[in-house]
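In what follows, residues are counted from 1 in the order of the sequence shown.
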Amino acid sequence: MKKLFAEFFGTFWLVFGGCGSALFAAGIPELGIGFAGVALAFGLTVLTMAYAVGHISGGHFNPAVSFGLWAGGRFPAKDLAPYIISQLIGGIVAAAALYLIASGKDGFAIDPTKAGAFAANGFGNLSPTGYSLQAAFATEFLLTFFFLIIILGATDKFANSAFAGIAIGLGLTLIHLISIPITNTSVNPARSTSQALFVGGEYISQLWLFWAAPIGGAILAGLAYKFLLQKEEN
């Protein structure tokens, strides 16, 4: 149970910190952090929770990461469902907290036809800059692939694991710098689900991509690292 609570709190912090920065701090005139600041915020959530609770659960905070570690032989299949459920609950509770705070401002309303509504992910007319389904799928697949390569490499028993959290956090920051304009950046089905549930509309019908692409990229990365990159014992 401690592992599941660690995944709950870690995913909560990722969604609350990352999506919260987008909702509350990105667009303030002159003082706003912009999308570069949002990218850094997402990276910082993972970096801080990796050191806070990573030693308890492994610090996944993302169903795609759990699948990738399973494919790479680092995580047992029997733990996939409990971890993913904990991650989803953590993300949804964080989104509820964000909604509660956001609704405290006069005029707050979520427009389900607007790109990036409530920091949700989308493609086509819901992409921040109008990227297609194919472009969004390729982006989410490739970036999750490399995110898992970073995670698997940084946490390898032959690597300096003391700095793993820094590499992973900065990796996620870079991923957001690349893809916020394309899909508003997911690489995390729990993060996408939590926001889509509160926006509704077409965001729900597009949610499949933000499960399929990250999980597909993560599984391929796990297999690639295991069979092509994993250093063998001497």
Side-chain angles (χ1 to χ4, degrees), residues 11 14-15 17-28 32-46 61-65 67-68 88 91 95 98 102 109-151 168-221 224:
T11 312
L14 185 151
V15 171
C19 294
S21 69
L23 291 171
F24 304 131
I28 299 175
I33 62 175
F35 88 83
V38 174
L40 181 60
F42 270 101
L44 288 173
T45 63
V46 170
F61 320 141
N62 180 340
V65 171
F67 271 105
L88 283 170
L98 291 173
I110 297 175
D111 181 357
T113 66
K114 181 182 177 182
F118 202 57
N121 304 117
F123 56 85
N125 61 306
L126 298 182
S127 161
T129 50
Y131 281 86
S132 68
L133 183 158
Q134 293 85 350
F137 194 98
T139 299
E140 293 290 328
F141 186 96
L142 287 170
L143 291 179
T144 313
F145 176 92
F146 280 99
F147 189 40
L148 264 294
I149 293 294
I150 293 168
I151 292 170
I168 294 166
L170 290 178
L172 188 61
T173 299
L174 175 58
I175 285 168
H176 280 76
L177 289 173
I178 295 166
S179 59
I180 286 177
I182 303 171
T183 62
N184 219 20
T185 310
S186 171
V187 302
N188 185 336
R191 170 262 190 274
S192 295
T193 300
S194 64
Q195 305 313 112
L197 289 177
F198 281 83
V199 181
E202 194 177 352
Y203 281 99
I204 298 295
S205 64
Q206 290 192 2
L207 188 56
W208 67 269
L209 184 146
F210 300 102
W211 278 82
I215 289 174
I219 290 174
L220 183 61

What do the steps show when you test Asn121 against Gln206 for side-chain contact (heavy atoms from CB on, under 4.5 Å), and what is the final call?
-> CA-CA 8 Å; Asn121 304 117; Gln206 290 192 2; over 6 Å; no
Nearest-0.5 Å distance that lies between atom [atom1] in [X] and atom [atom2] in [Y]:
X	Y	atom1	atom2	answer
Thr183	Tyr131	OG1	OH	11.0 Å
Asn62	Ile215	CG	CD1	8.5 Å
Leu148	Ile168	CG	CD1	9.5 Å
Phe145	Ile150	CZ	CD1	11.0 Å
Trp211	Phe67	CH2	CZ	7.5 Å
Ile33	Ser21	CD1	OG	4.5 Å

Of all heavy-atom pairs between [X] and [Y], which one has the smallest distance, and what is that distance?
X	Y	answer
Thr113	Leu126	O-CD2, 3.8 Å
Gly200	Ile204	CA-CG1, 3.7 Å
Pro214	Thr144	O-CG2, 3.1 Å
Leu98	Val15	CD1-O, 3.8 Å
Ala115	Ser127	CB-O, 3.4 Å
Ala117	Tyr203	N-OH, 3.2 Å

Plane angle bin for Phe123 and Trp208 - parallel if under 30°, tilted between 30 and 60°, otherwise perpendicular |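 Because their plane-to-plane angle is over 60°, the rings of Trp208 and Phe123 count as perpendicular.
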Report, as yes or no, whether the 6.0 Å neighbourhood of atom CZ on Phe198 holds more than 12 heavy atoms from other residues, nucleotides or ligands.
->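 Yes, because the 6.0 Å sphere around CZ of Phe198 holds more than 12 heavy atoms from other groups.
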Flag yes if more than 12 heavy atoms outside Phe146 fall under 6.0 Å of its CZ atom; otherwise flag no.
->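 It does not: Phe146 CZ has 12 such atoms or fewer within range.
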Give a yes or no on whether the backbone of Phe118 and the side-chain of Gln195 come within a donor-acceptor separation of less than 3.5 Å.
->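 Between the backbone of Phe118 and the side chain of Gln195 there is a qualifying donor-acceptor contact (under 3.5 Å).
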Donor-acceptor pair, side chain of Ser205 and main chain of Gly201, under 3.5 angstrom =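 It does not hold such a pair.
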Residue that, paired with Ser179, satisfies side chain to side chain donor-acceptor pair (under 3.5 Å) out of Asn184, Thr139, Thr185 =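 Among Asn184, Thr139, Thr185, the one that satisfies the side chain to side chain donor-acceptor pair (under 3.5 Å) with Ser179 is Thr185.
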Carefully, step by step, assess Ile151 and Phe147 under the rule side-chain contact (heavy atoms from CB on, under 4.5 Å).
-> CA-CA 6 Å; Ile151 292 170; Phe147 189 40; 3.8 Å; yes
Check the pair Ile175 / Phe42 against side-chain contact (heavy atoms from CB on, under 4.5 Å), numbers first and verdict last.
-> CA-CA 10 Å; Ile175 285 168; Phe42 270 101; over 6 Å; no
